[in-house]
2 protein chains.
Amino acid sequence: MAAANIKEVARHAGVSLGTVSNVLNRPDTVAPATRQRVLDAITELGYVRNDSARQLRAGHSRTVAIVVLDVANPFFTDVVRGAEQVVEEAGAMLVVCNSGEDSARERRHLELLEEQRVRGVLITPVGHGPQPNLDKLIDRGIPVVLVDRGSGRASRCSVAVDDVLGGRLAMDHLLDQGHRRIAYLGGPFSIAQVAERHAGAAAALEERGGAELRVATTSSLTVAAGRRAAEDLLALPTRQRPTAVFCANDLIALGVLQEVTARGLRVPADVAIVGYDDIEFAGAAAVPLSSVRQPREQLGRTAAQLLLEEAQSGETHQHRHVVFQPELVVRRSSEQTRRARR
Amino acid sequence: MAAANIKEVARHAGVSLGTVSNVLNRPDTVAPATRQRVLDAITELGYVRNDSARQLRAGHSRTVAIVVLDVANPFFTDVVRGAEQVVEEAGAMLVVCNSGEDSARERRHLELLEEQRVRGVLITPVGHGPQPNLDKLIDRGIPVVLVDRGSGRASRCSVAVDDVLGGRLAMDHLLDQGHRRIAYLGGPFSIAQVAERHAGAAAALEERGGAELRVATTSSLTVAAGRRAAEDLLALPTRQRPTAVFCANDLIALGVLQEVTARGLRVPADVAIVGYDDIEFAGAAAVPLSSVRQPREQLGRTAAQLLLEEAQSGETHQHRHVVFQPELVVRRSSEQTRRARR
DNA sequence: TATAGCGTCTAAAACGTTTCATCCAGTCGG
DNA sequence: CCGACTGGATGAAACGTTTTAGACGCTATA
């Protein structure tokens, strides 16, 4: 209905169309009297800028997209919040897209975003092989920043947390606590984090020796998957059963915790647990969960900053790879109470 | 860089500009041979539609927005997932905006969305007073569907869950379990759900009589706020201390659970707890949490359906108000074991 | 007095689509 | 053999901005 254009506003205020545009974009170049007249016309007609037209002229939009693996995963929601802060501060808008770890959906999203000529894309890609879709974006001049994924590529910025270090921290801690039969739960290993956290754990264990690491692969990083994996683990004869479990994320860890207590075993006395991500609920779990904490919001903030920087500096931009260090938060789920192990 | 036009594609394929457009939009109206030639040109040039131009012509975009109170709240992430399904199925795109319960940010978002001429807006508004911003959208012909908020208005569709009923279910359950000193925790009461769940609880209690309801207002619906509120409650002399707490959401309930167990009290023996929302972590909490479950994804799906319906039917659209019924999930946190209360 | 400069405003081009009226070359019925 | 129709293609207009080159009237400077 009320679809007033800039032209109608101009007519209403008795000025030319270009003047209205100037009032909108460079208010100081137009005389106060006329400016006021134009502003009055604008409010009277209920005029609202048409962003499509503006974008068409500008060649690109003022929105930045973030493509996450799962909107419902607390890790990503925090990253989103961090990115949001920075993006909105810059007067742009952040749109959140959910790939759901499905590369077809991811591709679909990237196509749409490319059609929209978004200002830039923050993304945690589904796989970690070559990424033709992303390369295409970059060719077109749309900056891409990788979030929490492979820092190797020279053609794009990235932010990540050192997952190898995180795995190492967790493992060192469990070894310090005297554990000698330890399990690593997570999967699929095609997810880089899952593999790297494992690599860190394995490395730490190898350096210190004298302990064994059993790996149980899960089909996804959910509470339910954690429960299922724990079932198998707990079915082992007591002598072989791991005394500690290091989980690829907190959801898995919560699943393990559920299953362990459901079987009447105690945490950490019978099975110690260390998770990863330190989501808000980790501290509120049945037994407060030890976990490797990542600076999630900061990850999002930094990613957004790199993106905006690249979008502004254009050709002269130097790609950067920022790596944050995780931190182990020890809570009851892995705190040795009394008797030494084994 | 590679900013190929529809015009360049046309030149490349040796056809007119309009023909290329036809290939894109009505492939069957163009002869197979030419169609193929155009398609080849498209892939060769790496042409990607410019959505701004398309939108400008069409008068509106193909995206639908959802404005939520908190991206990190599991309730909303599920609603988002539901809406996403429907919206993407319809070939549109869902963008998620976060108001953070801040009405200034909400307004800013709505302004941007209006500038973008979005196809429609799903929103859980911050306050529940009059909403001039939303009215403005509707005036402009942009459909708005209220999510989980006041079903009264005739000028817009809405989907909601019956929060009064939810409060009633929780309270009836606690009364059935023999509790006579009960507390309601939640806030701020300016959030409609907080008020309505309380109203339901109060109504149930009044009907059955013989029990008292103490209300403790929290400043927000977070775990931390729950802990703080619980502190005050537990400071009461044992004889006055409530034997059961009904919380306005699960985050609060988890906070209460944390605080109660931190003080060496047992759940449900000393304090029973019922939460609201039945988030995934409710079942994985220290003591599995009884909670009122809402059909969250369905809420999102239905909202999106109503929106798309309205966007298509235009003038002839009849606004509808869908109300879903919540369901109480009883878990250990409120299950009476033996001795009767009072 | 001419000129340069400044502040203010205008007119027109350009951005990349979609759509609509037209046109053209066949084909078919009479 | 002619008129009517049809499938397929074209050209131009329109969508609503932003931006650029100028125009116009003044004042300050040479």
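Just so it is clear, the structure is predicted and the values come from calculations on it, not from any experiment. Proteins come first, then strands; the chains are lettered A, B, ... in the order of their sequence lines, and each starts at number 1.
In this structure, CG of A/N25 is placed 17 Å from P of D/dG16, rounded to the nearest angstrom. The distance from atom CD of A/Q36 to atom P of C/dT8 is 15 Å, rounded to the nearest whole Å. For B/L24 and C/dT17, the CG to P distance is 8 Å, given to the nearest whole Å. At whole-Å resolution of the value, CG in A/N22 and C1' in D/dT20 are 11 Å apart. Rounding to whole angstrom units, CZ of residue B/R49 and P of C/dC15 are separated by 20 Å. Between the CD1 atom of A/I6 and the P atom of D/dC15 there is a distance of 14 Å, given to the nearest Å. Distance, B/I42 CD1 to C/dG16 C1': 14 Å, rounded to whole Å. If you take NZ of B/K7 and P of D/dA13, they are 14 Å apart, rounded to a whole angstrom.
Residue A/R35 is classed as having no contact, given no heavy-atom separation below 4.0 Å to the nucleic acid.
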**Request:** Report the C-alpha separation of B/L110 and B/L137 in whole Å, then their side-chain angles, then the decisive distance to 0.1 Å, and conclude whether the side chain to side chain contact (heavy atoms under 4.5 Å, CB included) test is met.
**Result:** CA-CA 8 Å; B/L110 290 177; B/L137 283 183; 3.9 Å; yes
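Remark: the B/R57 side chain and the C/dT18 base include a donor-acceptor N/O pair separated by less than 3.5 Å.
Interatomic distance, CD of B/Q193 versus CG of B/D148, reported as 4.5 Å (0.5 Å rounding).
Put simply, B/R117 has no side-chain N or O that comes within less than 4.0 Å of OP1 or OP2 on D/dC15. Checking the phosphate oxygens (OP1, OP2) of D/dT10, a side-chain nitrogen or oxygen of B/T19 falls inside 4.0 Å.
Aromatic ring centres of A/H321 and A/H319: separated by at least 6.0 Å.
Using a 4.5 Å heavy-atom cutoff, the side chains of B/I6 and B/R49 are not in contact.
Counting only heavy atoms from C-beta on, A/T34 has its side chain closest to C/dC9 among C/dC9, D/dT20, C/dT19. With C/dT8, D/dG8, D/dG16 as the choices, the nucleotide that has an atom nearest any side-chain atom of A/A31 turns out to be C/dT8. Closest contact between the side chain of B/L56 and the listed nucleotides D/dC15, D/dA12, C/dT8 involves D/dC15. Taking only side-chain atoms of B/S21, from C-beta outward, the nucleotide of C/dT19, C/dA11, D/dT10 with the closest atom is C/dT19.
Mapping A/N5 and A/G18 onto DNA chain D by nearest heavy atom places A/N5 closer to the 5' end of the strand. The 5' end of DNA chain D is approached more closely, in terms of each residue's nearest nucleotide, by B/T29 than by the other of B/A53 and B/T29.
Not one N or O on the side chain of A/S103 forms a donor-acceptor pair closer than 3.5 Å with the backbone of A/V126.
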